[in-house]
Amino acid sequence: MLNPQQLAAVEHCDSPLLVLAGAGSGKTSVITQKIAYLIQRRKLSPSKIAAITFTNKAAKEMRERVAKLISTEDAAALTVSTFHALGLKFLQMEHARAGLRKGFSVLDADDSESIVKELAPKGAKSDVLFGIRNLLSRAKNTGLSPEEAQAAARSPREMDAAMIYQLYQARLAAFNAVDFDDLIRLPLRILETDEECRTIWQERLRYLLVDEYQDTNDAQYRLLKALTGARGGFTCVGDDDQSIYAWRGANPENIDQLGKDWPTLRVIKLEQNYRCGKRILRAANKLIANNPHLHEKKLWSEHPEGPQIRVLECKENEHEAERVAAIATTLAEKHKARWHDIAILYRGNFQARPLEKALRLARIPYHLTGALSFLDRAEVKDLLCYLRLLTNPSDDAAFLRVVNVPKREIGATTLEKLGQIAQTRNASLLDAARSDAVLRQLTPRPAAALASFTTLLDELRSASLHENAADLVETVLKRTGYAAQIAASTTDAAMRERRLGNLRELADWFRAMQKGNNAGDLAAQLALLSHADRDEPGNALRMMTMHAAKGLEFRFVFIVGCEEGTLPHEGAIDEGRIDEERRLMYVGITRAKEMLTLSWSAKTKRYGEVHSNQPSRFLHELPQDDLHWQGKDPEADKEVVRETAESHMAKIAAMLAGG
């Protein structure tokens, strides 16, 4: 069922290939079908194929789709992962070359930020700490070592960050740990400097397929080069019009670089869109034509025209939110739309608050993508790390997170020294802390605190042999003093109750596992919890940033905040980054399958001040014949007012009936 361009992309295997896949053009089908083609027709072993994408969710979906096309055995041998997961697999196999011991830890963002905070000048403000962490990450994402970062520093601020980078890496080495960025940087350094290892891996992975290629950063591009070599056994699938992540290091110029590094590169364009109505697609094409292109493409569709794109001028943010909620209600009542068919997109999460209020008043169920996941809340992560240590004493990342939670006067210097001793003994941090010989090498006060901590863990481990997981949660909270610390340190009563409630919810989850006869041992329950989808939105209206909406599609889409200073963002205007803002708008428009509504507010309140706005320049770049500007067509406006009034009356009737 592939169209001619898709089929050509699937069957081309004899030279490097770039597939320029427009929005909604079926790129995932091309990748999955090509994997099956390589295995079944080209007889390439599935163990020698890697499909790489950018999110775990996308990798999971791709793996499931491939599994329907090939045998179970072949699917099991195939690598479908993110760049970072591939880097982790590499380091687990090549840990010695990276200077790591087997069983090294991968620190999460919170752990990494804690180390940076300890190494930064005392009293450094949060924006300074964020800047340092950002510079460290940027250095790693361009493949720089601490020494190379110091040599490349162009300002005192960058030099200070490079010095902290060196101390930061020394701390990670002592802990036998890596951070998220190291999962790319370290494999890249090894592959570029170790010819033997590079040859082994080029033979181990004979063909790479890279999805969302326009989102690759410099280090990821170099990793592709190192893994494929001069042979260039790869298919890169991407869309320069959807490159919207320059702010986190993505380099859209990597698309152009392919042709320079591999002169035999073939380029195939996928221009048939299977998602959008003709009118929506025409608007997207007209908008993005204002950006420069090395590879011109124009999307087309066989879908119907669809209704005009509605442009709403609103008085201010609250008025905009109320109008969007009213129209959404009309869609559900008149057009029989399910809530999950509707999405509200915006430039930044700061725009969500008035929308949430309006949706709650309208009794519309909604799901806010990008909100903090339950499992990512600090108190939940802390408690889970205690439980992880009880099941796996070698879990150094868990040890580092809770050894000083609640506070035990065990400082960073003590932990670094403990890590160095553990490394020389080839032991975990917890095993080292249990050793009297190790504790004698530390100063008395932190040594006593460490001894007390290990004794506490031993007592909790003993309790874990007799208690179920739900009861063990309560025991850990009580014996560690963690619940008491939250109660004492959180002055805001609502916040205190929320944090304690999260811990009760965790206990309830384990309790539900017991009732469902799926308990297993504690380790099995922790593994199941880590894979549990506790954030499944169900039938709810979706709210998210346009960045988060990439790759998704909805029948009905609202894009709010279409005013100068919001979209495009004022920072992008000041810095001359309008092209990327236009690509972001293009991504938002092409999420809509049937109906698109754009809105802007004449006034907005920022930092307590009211600002007057002008409609976004992007609205004027759209084909005006395809737009209905509210206020310019009285008859059409009457219909909007009538629908809105009916929705309000229905809402009032529902409230009275419920009251």
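Quick caveat: nothing in here was measured; it's all calculated off a predicted structure.
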Discussion item. What verdict does the salt bridge (charged side-chain N to carboxylate O under 4.0 Å, His left out) test give for Arg222 and Asp261, after you've listed the backbone C-alpha separation in whole Å, the side-chain angles of each residue and the deciding distance to 0.1 Å?
Written reply: CA-CA 11 Å; Arg222 286 164 56 191; Asp261 289 337; over 6 Å; no
Discussion item. Could you report the tightest heavy-atom contact between Ala161 and Leu136, atom names first, then the distance?
Written reply: O-CD1, 3.4 Å
Item to complete: Indicate yes or no: at least one non-hydrogen side-chain atom of Phe618 is less than 4.5 angstrom from one of Leu287.
Response: yes
Discussion item. Evaluate Glu575 against Arg577 for salt bridge (charged side-chain N to carboxylate O under 4.0 Å, His left out), listing each step before the verdict.
Written reply: CA-CA 6 Å; Glu575 297 168 15; Arg577 294 186 285 106; 2.8 Å; yes
Item to complete: May I have the step-by-step check of side chain to side chain donor-acceptor pair (under 3.5 Å) for Asp396 and Ser428, ending in yes or no?
Response: CA-CA 6 Å; Asp396 286 347; Ser428 71; 4.6 Å; no
Worksheet, complete the sentence: The side-chain contact (heavy atoms from CB on, under 4.5 Å) partners of Thr235 (sequence neighbours excluded) come to Leu17, Val19, Lys34, Tyr207, Leu209, Val237
Fill in: Arg101 backbone acceptor or donor facing Asn176 side chain under 3.5 Å
yes
Practice prompt. Begin with the C-alpha distance, continue with both residues' side-chain angles, and end with the deciding distance and a verdict on side chain to side chain contact (heavy atoms under 4.5 Å, CB included) for His367 and Met544.
Written response: CA-CA 9 Å; His367 174 77; Met544 67 190 76; over 6 Å; no
Worksheet item: Are Ser112 and Arg133 close enough that a side-chain donor and a side-chain acceptor fall under 3.5 Å?
Response: yes
Worksheet item: Is the shortest heavy-atom distance from the side chain of Val106 to the side chain of Val178 under 4.5 Å?
Response: yes
Discussion item. Salt bridge or not between Arg189 and Asp194? Use side-chain N to carboxylate O under 4.0 Å.
Written reply: no
Worksheet item: Hey, would you say the His547 and Tyr245 ring centroids sit under 6.0 Å apart?
Response: yes
Worksheet entry | Distance-only polar pair, side chains of Thr142 and Asp218, donor-acceptor under 3.5 Å | no
Worksheet item: Side chains of Leu7 and Asn3: does their closest heavy-atom pair fall under 4.5 Å?
Response: no
Discussion item. Counting C-beta onward and ignoring hydrogens, is there a side-chain heavy-atom pair between Tyr213 and Tyr221 closer than 4.5 Å?
Written reply: yes
Worksheet item: Any salt bridge between Arg206 and Glu203, counting N to O under 4.0 Å?
Response: yes
Worksheet item: With a 4.0 Å cut-off, would you call Asp182 and Arg185 a salt bridge?
Response: yes
Worksheet item: Which pair of heavy atoms, one from Gln214 and one from Ala250, lies closest together, and at what distance?
Response: O-CB, 4.2 Å
Practice prompt. Answer yes if the side chains of Ser47 and Ser45 hold a donor-acceptor pair under 3.5 Å, and no otherwise.
Written response: yes
Worksheet item: Is it the case that more than 12 heavy atoms not belonging to Asn56 sit under 6.0 Å from its CG atom?
Response: no
Fill in: Lys140/Asp179 under salt bridge (charged side-chain N to carboxylate O under 4.0 Å, His left out): CA gap, chis, key distance, verdict
CA-CA 10 Å; Lys140 291 190 175 192; Asp179 67 13; 2.8 Å; yes
Fill in: Residues Phe180, Leu88; criterion side chain to side chain contact (heavy atoms under 4.5 Å, CB included); working and verdict
CA-CA 9 Å; Phe180 195 64; Leu88 176 59; over 6 Å; no
Residues 588-597 side chain polar contacts: donor-acceptor under 3.5 Å, at least two apart:
| from | atom 1 | to | atom 2 | distance (Å) |
| --- | --- | --- | --- | --- |
| Thr590 | OG1 | Tyr586 | O | 2.8 |
| Thr590 | OG1 | Val587 | O | 3.2 |
| Arg591 | NE | Val587 | O | 2.7 |
| Arg591 | NH1 | Leu552 | O | 3.0 |
| Arg591 | NH2 | Gln242 | OE1 | 3.3 |
| Glu594 | OE1 | Arg555 | NE | 3.4 |
| Glu594 | OE1 | Arg555 | NH2 | 3.2 |
| Glu594 | OE2 | Arg555 | NE | 2.9 |

Discussion item. As a quick check of understanding, evaluate ring-ring contact (aromatic ring centres under 6.0 Å, His included) for Phe104 and His95, giving each step before the final call.
Written reply: CA-CA 8 Å; Phe104 62 87; His95 58 87; 7.3 Å; no
Worksheet item: So, do Trp339 and Tyr366 have ring centers that fall under 6.0 Å from each other?
Response: no
Worksheet item: Are Glu212 and Lys27 close enough, and set up right, to give a salt bridge (charged side-chain N to carboxylate O under 4.0 Å, His left out), and what steps lead you there?
Response: CA-CA 9 Å; Glu212 303 288 5; Lys27 64 182 178 65; 3.3 Å; yes
Practice prompt. Look only at the side chain of Arg42 and the backbone of Gln40, and say whether a donor-acceptor pair between them is shorter than 3.5 Å.
Written response: no
Worksheet entry | Side chains of Asp181 and Ser137, donor plus acceptor under 3.5 Å | yes
Item to complete: Run the salt-bridge test on Glu621 and Arg582 with the 4.0 Å N-O cut-off and return the result as yes or no.
Response: yes
Worksheet entry | Residues, nucleotides or ligands: over 12 heavy atoms within 6.0 Å of Arg231 CZ | yes
Discussion item. According to salt bridge (charged side-chain N to carboxylate O under 4.0 Å, His left out), who are the partners of Asp111, at least two apart in sequence or on a separate chain?
Written reply: Arg401
Worksheet entry | Between His293 and Asp241: side-chain donor-acceptor atoms closer than 3.5 Å | yes
Worksheet item: When you look at CD of Glu73, are more than 12 heavy atoms from neighbouring residues, nucleotides or ligands closer to it than 6.0 Å?
Response: no
Worksheet item: Can you tell if the side chain of Phe558 reaches within under 4.5 Å of the side chain of Leu345, non-hydrogen atoms only?
Response: no
Practice prompt. Of all the heavy-atom pairs spanning Gly22 and Leu299, show the shortest one and how long it is.
Written response: CA-CD2, 3.7 Å
Discussion item. Other residues, nucleotides and ligands only: do more than 12 of their heavy atoms fall within 6.0 Å of CD on Glu11?
Written reply: yes
Discussion item. So that I can tick it off, tell me whether Glu192 and Arg198 are bridged by a salt bridge, with the cut-off set at under 4.0 angstrom between side-chain N and carboxylate O.
Written reply: no
Discussion item. Salt bridge check, Lys297 against Asp239: does any charged N sit closer than 4.0 Å to a carboxylate O?
Written reply: yes
Worksheet item: Where does the angle between the aromatic ring planes of Phe234 and Trp262 fall among parallel (under 30°), tilted (30 to 60°) and perpendicular (over 60°)?
Response: perpendicular
Fill in: Lys269/Glu296 salt bridge by N-O under 4.0 Å criterion
no
Discussion item. Just to verify, what does Ala289 make a side-chain contact (heavy atoms from CB on, under 4.5 Å) with, not counting sequence neighbours?
Written reply: none
Fill in: Shortest non-hydrogen separation from Leu144 to Tyr165 and the atoms involved
O-OH, 2.7 Å
Worksheet item: For Glu64, what residues pass the side-chain contact (heavy atoms from CB on, under 4.5 Å) criterion, not counting sequence neighbours?
Response: Lys60
Discussion item. Ignoring hydrogens and geometry beyond distance, is a side-chain donor-acceptor pair present between Asp74 and Ser71 at under 3.5 Å?
Written reply: yes
Discussion item. With rounding to the nearest 0.5 angstrom, report the OG to CD distance, Ser243 to Glu580.
Written reply: 6.0 Å
Fill in: Heavy-atom pair with the smallest gap, counting every atom of Ala226 and Gln202
O-NE2, 2.8 Å
Worksheet entry | Counterpart residues, side-chain contact (heavy atoms from CB on, under 4.5 Å), relative to Arg388 (two or more places apart) | Cys385, Asp395, Ala397, Ala398, Leu526
Worksheet entry | Check: Ser105 side chain, Leu107 main-chain N or O, donor-acceptor pair, under 3.5 Å | no
Worksheet entry | From CA spacing to verdict: side chain to side chain contact (heavy atoms under 4.5 Å, CB included), Arg266, Leu18 | CA-CA 6 Å; Arg266 182 177 176 188; Leu18 170 63; over 6 Å; no
